[in-house]
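Reviewing the structure listed below.
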Amino acid sequence: MILLKEEVSMEEKLFNCPVEAFLSVVGGKYKSIILYHLMTEGILRFNEIQKFIPQATIKMLSQQLKDLEAEGIIHKEIYPVVPPKTEYSITEFGETLRPIIMAMCDWGKTYKGDMIK
């Protein structure tokens, strides 16, 4: 939903177009990559995600995961064991992004496939 100025509360943001609204949720530096790996690999622990995105710092990766969790796109499950075990998974709401993420994947294979490891 795109909010009109008179509908905006202190917590809500006004978007000028739907693409801006989309990017506000998944436009972070590594968010789409995180979503791709969760969608293709399933439930992942932090260190597994980090191995898929070695160029991301721990701080940046943690922030991107926190943002996605706050938007309801991913779920973070913390198990009370020693050492602590944390798993990330896609929520039902996050699954609505699957066609978009997979279309991005297809585009990348088609137009940059020769550059992909």
In Å and rounded to the nearest 0.5 Å, what is the [atom1] to [atom2] distance from [X] to [Y]?
X    : Y   : atom1 : atom2 : result
L97  : I73 : CG    : CD1   : 5.0 Å
D67  : Y30 : CG    : OH    : 14.0 Å
C105 : L35 : SG    : CG    : 13.0 Å
L65  : I49 : CG    : CD1   : 5.0 Å
E95  : R98 : CD    : CZ    : 4.0 Å

Should [X] and [Y] be regarded as members of a common hydrophobic cluster, given that ILVMFWY residues are connected when their side-chain heavy atoms come within less than 4.5 Å of each other, either directly or indirectly?
X    : Y    : result
W107 : I101 : no
I53  : M104 : yes
I34  : I58  : yes
V19  : I100 : yes

> Has F93 got more than 12 heavy atoms of other residues, nucleotides or ligands less than 6.0 Å from its CZ?
Replying inline: no

> Can you tell me if CD on E92 sees more than 12 non-hydrogen neighbours from other groups inside 6.0 Å?
Replying inline: no

May I ask you to test the [X]-[Y] pair for a side-chain heavy-atom distance under 4.5 Å?
X   : Y   : answer
E69 : H75 : no
Y36 : E41 : no
Y88 : I43 : no
E20 : C17 : yes
E87 : F46 : no
T86 : Y79 : no
I33 : K31 : no
K85 : E77 : no

>> Working note: I74 + S89, criterion side-chain contact (heavy atoms from CB on, under 4.5 Å); need CA distance, chi angles, decisive distance, verdict.
In response: CA-CA 5 Å; I74 65 171; S89 59; over 6 Å; no

> What do the steps show when you test M39 against M102 for side-chain contact (heavy atoms from CB on, under 4.5 Å), and what is the final call?
Replying inline: CA-CA 9 Å; M39 289 175 180; M102 293 303 122; 4.1 Å; yes

> Going by side-chain heavy atoms closer than 4.5 Å, which hydrophobic residues are tied to V82, directly or by a chain of links?
Replying inline: none

> Nearest heavy-atom pair of E48 and R45: which atoms, and what distance?
Replying inline: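 Where E48 meets R45 most closely, the heavy atoms are OE1-N, 2.7 Å.
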
>> Show the nearest heavy-atom pair for residues H37 and L44, with the distance to one decimal.
In response: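 In this case the closest contact between H37 and L44 is O-CD1, 3.8 Å.
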
> With no hydrogens and no angle check, is any side-chain donor or acceptor of Q64 less than 3.5 Å from a backbone partner on K29?
Replying inline: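 Present.
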
